[in-house]
Amino acid sequence: MLMPAGSSDLYEKRKGVYPKAVDGFYRRLKWAIMAVTLAIYWVTPWLRWDRGPYAPDQAVLVDLAHRRFYMFAIEIWPHEFYYVAGLLIMAGIGLFLVTSAVGRAWCGYACPQTVWTDLYQHVERFTDGDRNAQIRLAKAPWSAAKIARRLAKWSIWLGIAFATGGAWIFYFADAPRLSHDFWAGSAAPVAYATVAVLTATTLLLGGFMREQVCIYMCPWPRIQTAMLDEKSLVVTYKDWRGEQRGSVKKAQAKPDLFGDCIDCNQCVAVCPTGIDIREGAQVGCITCALCIDACDKVMAQVGRPRGLIDYCTQEDAEAEKQGAAPRPVLKTLLRPRTLAYAAVWLSIGAAMLFALGARTRIDIAAQQDRNPIFVRLSDGAIRNAYMVKVRNMEARPRPVTVAVEGLPGAMLWTDAMPREQAAATVTATVPADSVAKLRLFIAAPAPGPQRQDFAFTVRATDREGGGDREPARFERP
Ligand code: SF4
Ligand code: SF4
């Protein structure tokens with residue numbers, strides 16, 4: 001139906017959120033997680049890891065040009081991408097585990113949107129003051145002082161956004177060299193474009209959009225509603241204890257009528273998404289628990305027990321309503337569903353560790369020439385030709401021996417040597433971190449099956465050894 005112009009707004013205008021500073025256990029936990037996550041993000045590309053002279057010494061590097069992923073002692077080649085897929089699956093199951101145990105803890109503590117928004121809000125308190133000062137400044141007409149504060153805030157925000165976008169590109173190239181090239185103006189255009197895009201999105205999402213990303217843009221809150229159940233820990237206002245709300249004075253006058261909530265609004269004032277948890281569970285609650293800190297402080301001031309707002313499962317909330325004592329949090333975490341997620345997560349992790357430990361660093365592949373399929377030599381023997389690829393995944397050259405199994409009397413030589421030097425094996429040195437291609441000829445006695453299955457083998461002849469095997473076929477007239 002068409003709406004007459006100006007008759008009604010289809011979308012509610014955003015109400016400004018000015019979260020008040022708060023101190024307490026969960027706030028300090030958030031500081032610690034913020035410090036660790038930001039330090040990991042900014043410091044990681046600068047960590048070095050010695051892999052010898054043939055490989056980069058950056059501890060974590062996504063080397064797109066050479067199609068390698070380095071992570072400390074682990075080097076992943078393109079054909080090993082399943083390890084990355086395994087890591088992504090583990091991350092997904094880890095999120096399921098965390099959500100079923102402690103609700104939206106990821107959103108409240110470790111999500112980049114939360115961490116950067118928290119940082120930006122802290123900068124805002126530094127430039128504009130706490131909640132009340134921010135509200136006054138937002139309502140004040142533009143003046144030299146307001147412009148100065150806004151410029152100071154936006155400049156610091158921009159600096160953080162630039163540092164965020166700038167750090168990202170260092171994961172994809174040698175950080176010290178790229179940093180030098182970047183400031184010298186000689187880095188690749190894509191580096192400048194990436195930094196520009198990430199600077200803009202960080203500033204926009206963390207500085208200006210903030211809670212709107214969590215409430216309207218991110219799909220994760222909706223997905224989580226399917227994962228939460230009555231045994232998941234969520235931030236809960238214990239209405240059976242708090243209602244009816246009333247001031248301390250009113251409660252003193254009529255103690256039977258009023259609950260513990262003194263309606264001070266501190267839980268709303270500190271909320272980074274601007275919601276009132278007393279209205280019940282809602283998609284805007286990222287489970288940051290700052291309202292718990294705020295309310296616990298109020299309860300301490302008025303001499304009432306802490307935990308009017310607290311982490312609590314729906315099941316425990318119902319039991320507490322009936323008079324049961326609060327259950328220790330640890331007991332709510334250990335239940336079949338979380339243990340099953342943990343078991344799957346650990347099993348995948350253990351399988352990946354085992355596979356990483358057992359993987360061969362030398363492998364071989366072979367493709368037979370089809371034209372001609374075989375050649376009869378002057379001495380009557382039959383010759384087949386193959387393109388053999390030996391892959392060395394170590395960051396150092398490795399001597400190898402290529403041989404065949406299941407082809408009696410076979411003699412091998414390459415196109416770089418005369419047939420007179422043919423032998424039962426061929427030796428080569430495969431350069432570090434690369435694939436050596438050998439055009440290999442095999443001569444075998446003419447009597448034999450028209451199609452004979454055999455296998456190429458490759459074995460590293462250095463101290464570490466290791467090898468691989470590749471099935472192939474020898475063809476006769
Ligand atoms: S902080 Fe606690 S006491 Fe104050 S309004 Fe919120 S729930 Fe009530
Ligand atoms: S209601 Fe409480 S836990 Fe939820 S987002 Fe607001 S402050 Fe954080």
Side-chain angles (χ1 to χ4, degrees), residues 15-31 33-34 98-99 101-111 113-118 121-122 125 130-131 209-216 218 220-221 224-225 228 232-252 255 257-314 317 320 329:
K15 295 189 183 85
V17 178
Y18 307 94
K20 188 179 174 190
V22 63
D23 190 26
F25 173 78
Y26 294 106
R27 177 64 265 184
R28 288 193 285 274
L29 182 61
K30 273 173 74 71
W31 283 134
I33 293 173
M34 180 199 281
V98 169
T99 303
V102 286
R104 295 177 63 185
W106 162 258
C107 301
Y109 296 89
C111 171
Q113 175 64 23
T114 295
V115 171
W116 262 265
T117 299
D118 208 8
Q121 285 172 342
H122 191 61
R125 280 186 211 111
D130 206 353
R131 175 182 164 83
M209 296 188 69
R210 299 183 174 186
E211 81 289 346
Q212 296 179 91
V213 176
C214 310
I215 297 174
Y216 303 114
C218 179
W220 189 234
Q224 282 175 101
T225 53
L228 293 175
S232 303
L233 275 179
V234 288
V235 173
T236 306
Y237 166 67
K238 300 184 174 181
D239 55 355
W240 61 93
R241 191 188 133 185
E243 302 296 316
Q244 173 177 333
R245 305 167 198 174
S247 66
V248 176
K249 207 183 250 181
K250 282 182 186 168
Q252 277 169 348
L257 192 60
F258 292 98
D260 279 347
C261 176
I262 63 168
D263 211 9
C264 62
N265 235 30
Q266 289 302 300
C267 49
V268 183
V270 300
C271 179
T273 62
I275 62 165
D276 186 346
I277 193 65
R278 293 172 300 171
E279 291 169 6
Q282 46 204 292
V283 79
C285 177
I286 58 171
T287 322
C288 68
L290 294 182
C291 54
I292 299 178
D293 281 342
C295 190
D296 280 354
K297 201 170 163 194
V298 172
M299 290 296 106
Q301 283 164 355
V302 297
R304 294 174 186 172
R306 70 156 299 277
L308 174 56
I309 302 175
D310 209 351
Y311 275 110
C312 183
T313 68
Q314 195 186 335
E320 280 187 41
V329 167

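All ligand and atom numbering here is 1-based and tracks the order in the structure.
- Listed by number with element, the atoms of ligand 2 under 4.0 angstrom from any heavy atom of Cys291 are 1 (S), 2 (Fe), 3 (S), 7 (S).
- Among the atoms of Cys295, an N, O or S atom falls under 2.8 Å from atom 2 (Fe) of ligand 1.
- Looking at Gln121 and Thr117, their side chains never bring a donor and an acceptor atom within 3.5 Å of each other.
- Annotation for ligand 2: atoms under 4.0 Å from non-hydrogen atoms of Ile277 are 1 (S).
- Side-chain atoms of Tyr237 and Glu243 include a donor-acceptor pair closer than 3.5 Å.
- Contact detail for Cys107 and Gln224: the closest heavy-atom pair is SG-NE2, 3.5 Å.
- Near Ile286, meaning under 4.0 Å from any of its heavy atoms, are these atoms of ligand 2: 4 (Fe), 5 (S).
- By the criterion of a heavy-atom distance under 4.0 Å, neither the backbone nor the side chain of Cys267 is placed next to ligand 2.
- Of all atoms in ligand 2, listed by their number and element, those nearer than 4.0 Å to a heavy atom of Ala289 are 3 (S), 8 (Fe).
- Taking the centre and axis of the six-membered ring of Trp31, the NZ or CZ atom of Arg27 falls inside the cone set by 45° and 6.0 Å.
- Near Thr273, meaning under 4.0 Å from one of its heavy atoms, ligand 2 places the atoms 5 (S).
- Residue contacts with ligand 1, taken as heavy atom pairs separated by less than 4.0 Å, involve Asp263 solely via the backbone atoms N, CA, C and O.
- In summary, of the residues considered (Gln301, Lys20, Lys297), a side-chain hydrogen bond (donor to acceptor under 3.5 Å, both in side chains) with Gln266 occurs for Lys20 alone.
- Between Thr273 and Ile286 the shortest side-chain heavy-atom distance falls below 4.5 Å.
- In summary, Cys261 places an N/O/S atom under 2.8 Å from atom 8 (Fe) of ligand 1, meeting the contact criterion.
- Against a heavy-atom cut-off of under 4.0 Å, Arg278 is close to the following atoms of ligand 1: 5 (S), 7 (S).
- Under the 3.5 Å distance criterion, the side-chain polar atoms of Tyr311 are matched with a main-chain donor or acceptor of Thr287.
- Annotation for ligand 1: atoms under 4.0 Å from non-hydrogen atoms of Asn265 are 4 (Fe), 5 (S).
- Counting heavy atoms under 4.0 Å from ligand 2, residue Ile275 touches it through the side chain alone.
- Salt-bridge check for Arg245 with Asp239: failed, with every basic side-chain N at 4.0 Å or more from each acidic carboxylate O.
- Below 4.0 Å from some heavy atom of Cys264 lie the following atoms of ligand 1, by number and element: 1 (S), 3 (S), 4 (Fe), 5 (S).
- Contact between Met299 and ligand 1 is present, with at least one heavy atom of the residue lying under 4.0 Å from the ligand.
- Atoms CG and OG1, on Leu233 and Thr99 in that order, are 12.0 Å from each other to the nearest 0.5 Å.
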